[in-house]
Structures are given as structure tokens and as C-alpha cells.
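Written below as C-alpha cells is the structure these notes are about.
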Amino acid sequence: MGLLSFSPKTSSFSTGLISISLKQRRSKDSFQVRAVAAPSEAVSGFDEMVAGTQRKYYMLGGKGGVGKTSCAASLAVKFANNGHPTLVVSTDPAHSLSDSFAQDLTGGQLVPVEGPDFPLFALEINPEKAREEFRNVTQKDGGTGVKDFMDGMGLGMLVEQLGELKLGELLDTPPPGLDEAIAISKVIQFLESQEYSMFTRIVFDTAPTGHTLRLLSLPDFLDASIGKILKLREKIASATSAIKSVFGQEQNRQGASDKLERLRERMVKVRELFRDTDSTEFVIVTIPTVMAVSESSRLSESLKKENVPVKRLIVNQIIPPSASDCKFCAMKRKDQMRALEMIKSDSELSSLMLIEAPLVDVEIRGVPALRFMGDIIWK
Ligand SMILES: Nc1ncnc2c1ncn2[C@@H]1O[C@H](COP(=O)(O)OP(=O)(O)OP(=O)(O)O)[C@@H](O)[C@H]1O
């Protein structure tokens with residue numbers, strides 16, 4: 001039975017034996033973590049992930065509650081501790097980065113995370129704010145704005161075409177994934193600015209599976225919608241050149257058109273980013289249950305169909321072999337082993353690099369704990 005120590009003074013766990021089942025004892029200035037079993041060797045190919053200074057994006061996603069945030073945050077800490085200025089971004093409308101790092105990272109701005117050796121910043125995208133901005137741009141220039149404008153001008157024949165866009169409806173009752181698409185396009189907007197040029201690793205903590213699947217098709221959908229709006233605008237502009245002078249708004253409208261065009265370009269970039277094998281990888285996180293494995297298999301299939309690069313599958317929260325005589329633990333573990341076998345024979349998942357991460361008996365919160373978890377998973 002080995003022992004791992006953590007000292008807040010050095011903010012690190014001692015190296016050596018890695019634990020699966022942990023018993024935590026807190027004292028005034030230190031706590032110890034008792035290791036009762038050694039984990040199966042997880043090999044994530046971290047050397048390949050950390051190599052090079054070219055910017056890389058890692059998107060972690062999967063079913064709700066499987067540990068996406070913990071895995072994403074631990075990967076970000078690990079990158080930062082390996083010399084990469086790193087940005088961790090939450091695009092999940094229900095953010096939990098602040099909880100995971102045990103620091104206030106809210107506000108929709110870059111916030112420095114205290115603890116790692118190299119700069120680590122976090123960004124929780126505020127989906128409501130981002131959606132509001134999106135709504136302003138599209139409505140001003142394309143959504144209800146265009147509809148009202150056309151109605152007013154008696155250009156009824158174009159209204160039918162506008163109906164196809166369903167953009168107003170989309171914004172009033174946003175489907176799952178829209179917030180994500182907007183959030184990621186927002187991130188791309190950020191990344192174009194100088195302030196963000198320092199980051200060589202960007203880790204996304206994404207929303208649960210359903211949102212991700214929807215998200216994959218959204219950039220195409222929005223790109224097409226915005227494209228249609230722009231075409232409509234052109235038609236209106238050419239059909240009503242006289243109106244322009246009456247309203248004297250040509251400059252404003254041109255500005256709004258440019259904004260819309262930029263939004264569209266960003267959507268195209270989102271789509272490209274998701275499919276760029278040189279810079280991007282989607283890491284699926286799951287737990288060893290039949291339901292989670294089935295969902296992960298479907299996610300993997302959809303990602304591949306969309307040409308999104310997927311190489312790694314983290315199976316999180318694996319119960320260690322029962323050292324005691326706990327019947328519940330033994331049964332649960334047997335169940336989990338069945339799910340693991342299912343992964344190994346699944347046509348989608350078996351080809352992925354399998355990273356097994358143990359269930360630890362302390363909550364993973366704060367940089368030292370994330371560093372500890374990262375050292376188990378990412379090696
Ligand atoms: N390997 C693990 N061992 C013990 N606890 C874990 C492990 N992985 C995650 N947890 C705990 O499980 C809870 C959920 O984890 P996390 O927030 O990372 O999941 P999530 O998939 O991001 O959830 P959501 O979909 O709700 O955002 C947290 O309390 C976290 O500390």
C-alpha cells in the first residue's frame with residue numbers, strides 16, 4: 001500500500017505510485033492520499049499531444065456527467081505545466097469550469113487560472129450574451145428586419161423565400177447546439193485578436209452529446225441561412241435602388257452586411273476547425289455503462305461521418321478491483337468490465353485509443369487535484 005502526499009506549500013502531489021482508491025486526510029497545512037491499488041496503465045499518447053508549438057485544439061465531449069469538465073480541465077493544467085500557454089474554454093451552457101478549478105472564472109472574459117507553472121487562462125462563454133449579439137446582427141440585417149422591410153416595400157414575392165430561413169424561429173426557440181455554435185464562433189472571433197495569439201493549446205469543454213451532434217450540422221445550416229439572407233439583401237438592393245436614396249441608409253446597411261458576412265465567415269471557420277486533422281481532435285469521454293458506451297458509439301459514428309478527427313476515448317470512473325470484501329463494489333466492477341468488453345468489440349469504438357481513468361474517492365476540484373488526475377490520464 002503506497003502513500004501519496006500533497007503539500008499546499010509546493011502545490012503538488014509527490015510523484016511515485018498513482019492511486020485508484022483514495023483516502024484523504026486533511027490537516028492544517030497538508031493532506032495525504034492513501035493508495036490502495038495500482039491502476040491499469042493508461043496510455044494516452046500525451047507526448048504526441050504536447051509536441052510542437054503549432055496551435056492545437058482539443059474538444060472534449062460526451063454524455064452528461066461522465067467527467068468531461070474534469071478531463072478537459074486536467075488536460076489544460078497538464079499542457080500548461082508542460083510549457084504551453086493554454087486556454088480552456090467552456091461552451092457548455094451549464095458551465096462547470098469554475099467549480100472544477102474552484103476559482104471564479106465567470107464573466108465571459110479571459111480569466112487567469114492560479115496554480116499551473118505556465119499561463120493558463122479560462123473562458124466561460126456566456127451563451128445568452130453571444131446569442132443576443134447574434135440576434136442583433138441577424139435581425140438588424142436579415143431576420144425580421146428584412147421581413148419588415150420587404151413587407152413595407154411590397155416585395156411580397158421574396159417573403160416566401162425568407163420563410164425558408166426560419167431564422168427568427170431559430171432564435172426564439174434555439175435548438176440544442178445553437179448556443180454551442182455561436183459560442184465557438186465567438187471563440188474564433190476572439191482568436192483572431194492579438195490578445196489570444198499567445199495560446200498554443202486550446203481545450204474546449206463542450207456540452208453533452210446531443211448538443212454536439214446538432215452543433216456539427218449547424219455551421220452548415222447557419223452558413224446557408226446567412227448566405228440566403230445576404231442574397232436576399234442583394235436582390236432587395238438592386239430591385240429598390242431608388243429606395244436607398246429615400247432612406248439614406250446605405251452606409252448603415254452596408255456596415256450591417258459586412259458584419260453578417262463576417263459572421264458567415266466565422267461559421268465557415270467553425271466548420272473547418274472541426275475537420276482539420278492537423279490541428280484539431282475531438283476526444284470522447286465516457287463511463288463504463290452500457291448506456292454511456294452506446295451513446296459514445298453513436299457519437300463516434302456521427303463525428304466520423306462529419307469528418308471530425310477522433311482518436312481517443314477516455315473511459316472514466318472505472319472502479320478498481322475490490323481490495324475489501326465489498327459485494328456492491330465487486331458487482332459494480334463486474335458490470336463495468338462488461339461495458340469495457342463492449343467497447344473492445346464495438347465497431348466504432350474499438351479502433352480508438354482507449355484511456356482508462358479510475359474512479360477516485362475524492363472530488364476532483366482545484367488545480368492540485370486536477371494536476372493529480374491529469375497525471376493519471378494524460379501520459
Ligand atoms: N474519475 C473520477 N473520479 C471521481 N470523481 C470524478 C471522476 N471524474 C469526474 N468526477 C466527478 O464527477 C462529477 C462530474 O464531473 P464533471 O463535471 O467533470 O462531468 P461533466 O461530464 O463535465 O458533467 P456535465 O455534463 O454536467 O457538465 C464531478 O463532481 C467530478 O469531480
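First listed ligand is number 1; within each ligand, the first listed atom is number 1. Here, residue 1 is the first one in the sequence, and each next residue gets the next number.
- For the pair Lys68 and ligand 1, the shortest N or O to N or O distance falls below 3.5 Å.
- Of the N or O atoms in Val66, one or more lie within a sub-3.5 Å distance of an N or O in ligand 1.
- The distance from ligand 1 to the heavy atoms of Asn316 drops below 4.0 Å at these ligand atoms: 1 (N), 2 (C), 7 (C), 8 (N), 9 (C).
- In the vicinity of Ser70, heavy-atom distances shorter than 4.0 Å reach the ligand 1 atoms 9 (C), 15 (O), 16 (P), 18 (O), 30 (C).
- Under the side-chain contact (heavy atoms from CB on, under 4.5 Å) rule, Leu349 has a single partner from Leu354, Leu299, Val315, Leu313, which is Leu313.
- Within the structure, ligand 1 has Pro358 among the residues with a heavy atom less than 4.0 angstrom away.
- At least one N or O atom of Val360, backbone or side chain, sits closer than 3.5 Å to an N or O atom of ligand 1.
- In this pair, Phe199 and Phe121 present their aromatic rings perpendicular. The plane angle is above 60°, beyond the 30 to 60° band.
- Using modelled atom types and a 3.5 Å distance limit, the side chains of Ser96 and Thr69 yield a donor-acceptor pair.
- Electrostatic pairing of Glu48 and Arg312 counts as a salt bridge here, judged by a charged N lying under 4.0 Å from a carboxylate O.
- One finds a salt bridge joining Asp117 and Arg371 here, because a Lys/Arg side-chain nitrogen approaches an Asp/Glu carboxylate oxygen to under 4.0 Å.
- Which parts of ligand 1 touch Glu363 is read off a 4.0 Å heavy-atom cut-off, strictly below it: atoms 29 (O), 31 (O).
- Residue contact check for ligand 1: Gly65 places a non-hydrogen atom closer than 4.0 Å to it.
- Comparing Leu370, Thr69, Ile376 by heavy-atom distance to atom 22 (O) of ligand 1, the nearest is Thr69.
- Closest heavy-atom approach to atom 19 (O) of ligand 1 within the set Gly67, Gly62, Gly61: this belongs to Gly67.
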